Amino acid sequence: MLSIAVFGSGAGSNFRAILTAIQQGNIPAARISLVISNNSGAGILGIARANALPAIHLSQKQFPDERSFADTVLATLRDHGVNFIALAGYMKRVPPAVVAAYRDRIINIHPALLPRFGGAGMFGMRVHEAVLASGEKTSGATVHYVDEEYDHGRMVLQLTVPVLPGDTPESLASRVLAAEHELYPAAIGRIARDETSPEHQRN
Ligand code: GRF
């Protein structure tokens, strides 16, 4: 069973898509155990609370240094029995101590077809502006494992969307976001199934 902590900073539409898929029984071997946001007013915390899920505001700003922040994050994850982390619009760097403690157990969704249009500074509308400026005819979203570098870890799943004539960064962002809401639940479902597959149990 994946006991998932979702980290987010914003509206939480990806979290909502994952939660809905779980609630509808589409991802049987996964549950949301905790939601963490660095932004006390973030929509993602509201969605968690509306679904009676633990929703905690935790920000580096509340701590004297990164180590004490990381220690508190790790203790909170442990207290909630978390064994997997999904970043969903989380705009902060995950402390290296957390990445190390959850090696190959943290995934993220990026609104482009990595490895292109990723890396430090490539987030939000900047991504879609870069895709349009490149003349690419397709874009999409990528779910990947998280390591110490931005948008760099092993890929889990991708979903492509067309770039249409007349697209603006906003119209492309909207099409990609809709793809994200299909992709993230599918990616988590695949990981959850793999974890419960007989092959996985053997090795
Ligand atoms: C999405 O565009 C996602 O690709 C990026 O941040 C945004 C999250 O939006 N990582 P939401 O908070 O899930 O609605």
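Both counts, for ligands and for their atoms, begin at 1 and track the order of listing. Being a predicted model, the structure only gives us computed values, none of them experimental. What's counted below: heavy atoms across the whole structure, side chains too, no hydrogens, waters or symmetry copies.
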Find all protein N or O atoms under 3.5 angstrom from an N or O atom of ligand 1 and list the pairs with distances, or write 'none'.
unit_1   : atom_1 : unit_2 : atom_2 : d
ligand 1 : 2 (O)  : Glu180 : OE2    : 3.4
ligand 1 : 4 (O)  : Glu180 : OE1    : 2.8
ligand 1 : 4 (O)  : Glu180 : OE2    : 3.1
ligand 1 : 10 (N) : Ile109 : O      : 3.2
ligand 1 : 12 (O) : Ala11  : N      : 3.4
ligand 1 : 12 (O) : Gly12  : N      : 2.9
ligand 1 : 13 (O) : Ser13  : N      : 3.4
ligand 1 : 13 (O) : Asn14  : N      : 2.9
ligand 1 : 13 (O) : Asn14  : ND2    : 3.1
ligand 1 : 14 (O) : Ser13  : N      : 2.9
ligand 1 : 14 (O) : Ser13  : OG     : 2.5

Would Ile44 and Tyr90 show up in the same hydrophobic cluster when neighbours are defined by side-chain heavy atoms closer than 4.5 Å? no
Short side-chain donor-acceptor distance under 3.5 Å, Ser171 and Thr168: yes
Can you establish whether the number of heavy atoms outside Arg175 located under 6.0 Å from its atom CZ is more than 12? yes
Taking side chain as C-beta onward, heavy atoms only, is Leu53 less than 4.5 Å from Phe15? yes
Is it true that Arg67 and Asp71 make a salt bridge, defined as a side-chain N closer than 4.0 Å to a carboxylate O? yes
Check the pair Ser68 / Asp65 against side-chain hydrogen bond (donor to acceptor under 3.5 Å, both in side chains), numbers first and verdict last. CA-CA 6 Å; Ser68 52; Asp65 53 50; 2.8 Å; yes
